[in-house]
Amino acid sequence: MTVALMWEARAVEGRGDELLAWARAQEIGGVDGAPVRRETFRAPQDRVLVITWWDAAFDAELPELPEPDGGLVTRAVHRWRFEPVAEA
């Protein structure tokens, strides 16, 4: 089974490039290794999104990106888990 973890944060105004660099520098992995796939996105309002795909059960304990320093973001990080569904 595959599970996708989404991590989204909003930087303090004008610090989007710094948040993006911080997110890119974070290593994600654990005892079971690295994610199958990892993608990083940016959006208006200095937002950064990281999606990782894992070969694991939906409720598996998986490593995630940490919270950045409080001075870098405007709010707590948002995190979601998704599982794929078959196309109808």
Q) Under a 4.5 Å side-chain heavy-atom rule over Ile, Leu, Val, Met, Phe, Trp and Tyr, are Val48 and Met6 clustered together? A) no

Q: Looking only at non-hydrogen atoms, find the nearest pair between Gly71 and Arg15 and report the distance.
A: O-NH1, 2.5 Å

Q: Kindly indicate whether the side chain of Val12, heavy atoms from C-beta on, has any atom under 4.5 Å from the side chain of Asp46.
A: no

Q: Would you check, one step at a time, whether the test side-chain contact (heavy atoms from CB on, under 4.5 Å) holds for Glu39 with Trp53?
A: CA-CA 9 Å; Glu39 290 189 62; Trp53 284 262; 3.4 Å; yes

Q.
For a side-chain contact (heavy atoms from CB on, under 4.5 Å) check, start with the C-alpha distance between Val36 and Thr2, then their side-chain angles and the critical distance, and finish with the verdict.
A. CA-CA 9 Å; Val36 174; Thr2 300; over 6 Å; no

Q. Between the side chain of Arg24 and the main-chain N/O of Ala21, is any donor-acceptor distance below 3.5 Å?
A. no

Q. Salt-bridged, Arg42 to Asp17, with N to O below 4.0 Å?
A. yes

Q: Over all heavy atoms of both residues, which pair between Thr74 and Ala11 is shortest? Give the atoms and the distance, please.
A: CG2-O, 3.3 Å

Q | hydrophobic_cluster_shared for Phe82 and Leu49, side chain cutoff 4.5 Å | A | yes

(Q) Hydrophobic clustering (ILVMFWY, side-chain heavy atoms < 4.5 Å, transitive) - are Phe58 and Trp7 grouped together? (A) yes

(Q) Please give me the minimum heavy-atom distance between Leu65 and Ala23, naming the atom from each residue. (A) CD2-O, 4.3 Å

Q. Would you say Glu18 and Asp69 make side-chain contact, with heavy atoms under 4.5 Å?
A. no

**Q.** Close side-chain approach of Phe41 and Ile51, heavy atoms under 4.5 Å
**A.** yes

Q. Between Glu67 and Arg79, is there a side-chain N and carboxylate O pair less than 4.0 Å apart?
A. yes

Q: Determine the minimum heavy-atom distance between Trp54 and Pro63, stating which atoms define it.
A: CH2-CG, 3.6 Å

Q | Transitive ILVMFWY side-chain link Val77 to Val3, under 4.5 Å | A | yes

Q: Please test Arg75 against Glu8 for salt bridge (Lys or Arg N to Asp or Glu O under 4.0 Å), starting from the C-alpha separation and ending with a verdict.
A: CA-CA 10 Å; Arg75 57 166 168 73; Glu8 187 264 338; 2.7 Å; yes

Q) Has Arg81 got more than 12 heavy atoms of other residues, nucleotides or ligands less than 6.0 Å from its CZ? A) yes

Q. Considering only heavy atoms from C-beta outward, does the side chain of Leu62 approach that of Leu5 to under 4.5 Å?
A. yes

